[in-house]
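In what follows, a structure is listed as structure tokens, so that the remarks can point back to it.
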Amino acid sequence: MGLSLPRILILDTGGTISQTASADGSLVPCSTDYIEMVPRLHDIARLEVLRLERMDSSDMTSILRMEMARLIYENYDGFDGFVVIHGTDTMVETAAALSYMVQNLGKPVVLTGAQLPIFAPGPDGLNNLYYSVKAASMDLGEVVICFGDRILRGNRSIKENVHGFNAFHSFRVPPLGELGVSVRLLDHRIPRSTSRPCFFSSLNSGVLYLPMTSGSSISLLEGLQDYPGLEGLILGGFGSGNLPAHEIPALKKILSRGIPALVITTCLKGHTILSLSGAGRKVSDAGAREGFVLTAAAALQKMMYALGRVGMEQPGFTGHKRMDAVYRLLVEPVGCDLDKSLLPLV
Ligand code: ASP
């Protein structure tokens, strides 16, 4: 019986699920082997666990994300699916980063964690881990978040709740699956397939996300004009992607250095349409591009991936040549990250 069970590789990076209370009551990572606490986990899968770190995910790095992507790629043939245990705070960033670094997946990569430590009373860590291992053996071929009562597209998700057991949501695409008495997968998911993944190993972390503010006399972009470490910029625009007019001169200066800028909307629903208003046109005339339905997390990680990939594949490209190559990658759909067809109407 055991040998016919699916083989699942768990990458453990910690987060609240693995933490315990310290002397002052705050949660800190602990080293206990908590995966064994989940009842009947070994009845549904043959597990292998790699403990990478036990960290609060606010300290997550691009280096560790690259290591996770490498491990998934290198172990791809030996397993039926992958589970990444992760803190909830930056889980969506890691999910997006993995979807860009390991493309063309034919197997599930399932991220999960918990709102409560697994050692505390409360069911969410045990449930999330159990259902994630189950999801990792199911008919999915993409990076997902399995948490609470839903399975969500990883590169479309946001953390929406600090307290509730449904900590995540994807406002611009319905859940891919529902967890209840049984696990129900929905038709718009990317199914399991025999496709071979491609691996892009490098993230360029010189990227900044700036959501716009209204009424402030301080320009956010002015101080960035000559910032040496800046390689790419994500701007959170109002509504359809508008920026305050007083940011445009500094934006032009940044773009003239060959630094790509992508504008997303800070709204939870809908997408950018820079051509809609004069304010938006000024942004596109300056040379920035629009991120359509990308979340801040996905836009940030996609920019890091695009800069990293151009740097690896076209090391001789500089200035506007490099910027154009990055823009070409940013508008290329990856793992349905730009799919507008399932946008909810309300
Ligand atoms: N601060 C924790 C983390 O992201 C929160 C959690 O896991 O829920 O690691």
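Side chains are part of it too, since the values below use all heavy atoms of this structure and drop only hydrogens, waters and symmetry mates. Atoms within a ligand are numbered from 1 in the order they appear, just like the ligands themselves.
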**Study point:** Partners meeting side chain to side chain donor-acceptor pair (under 3.5 Å) with Arg54 (sequence neighbours left out)
**Key:** Asp12
Point to revise | Partners meeting side chain to side chain donor-acceptor pair (under 3.5 Å) with Ser57 (sequence neighbours left out) | key: Thr90
Exercise for review: Establish, from distance only, whether the side-chain atoms of Ser219 and His246 form a donor-acceptor pair under 3.5 Å.
Suggested key: no
Check your understanding: Taking atom types as modelled and ignoring hydrogens, do the side chains of Asp149 and Tyr131 form a donor-acceptor contact shorter than 3.5 angstrom?
Key -> no
Practice item. Would you mind checking if Arg257 and Glu231 are paired as a salt bridge, meaning a charged N to carboxylate O distance below 4.0 Å? Key: no
List, for ligand 1, each N/O atom that has a protein N/O partner under 3.5 Å away, with both atom names and the distance.
unit_1	atom_1	unit_2	atom_2	d
ligand 1	1 (N)	Asp56	OD1	3.2
ligand 1	1 (N)	Asp56	OD2	2.9
ligand 1	1 (N)	Asp89	OD2	2.8
ligand 1	4 (O)	Ser57	OG	2.6
ligand 1	4 (O)	Thr88	N	3.3
ligand 1	4 (O)	Asp89	N	3.0
ligand 1	4 (O)	Asp89	OD2	3.4
ligand 1	7 (O)	Thr16	N	2.9
ligand 1	7 (O)	Thr16	OG1	3.1
ligand 1	7 (O)	Thr88	N	2.9
ligand 1	8 (O)	Thr16	OG1	3.2
ligand 1	8 (O)	Thr88	OG1	2.4
ligand 1	8 (O)	Ala114	O	3.2
ligand 1	9 (O)	Ser57	N	2.7

Check your understanding: Under the salt bridge (charged side-chain N to carboxylate O under 4.0 Å, His left out) rule, what pairs show up with a residue in residues 173-182, not counting sequence neighbours?
Key -> Glu178-Arg184
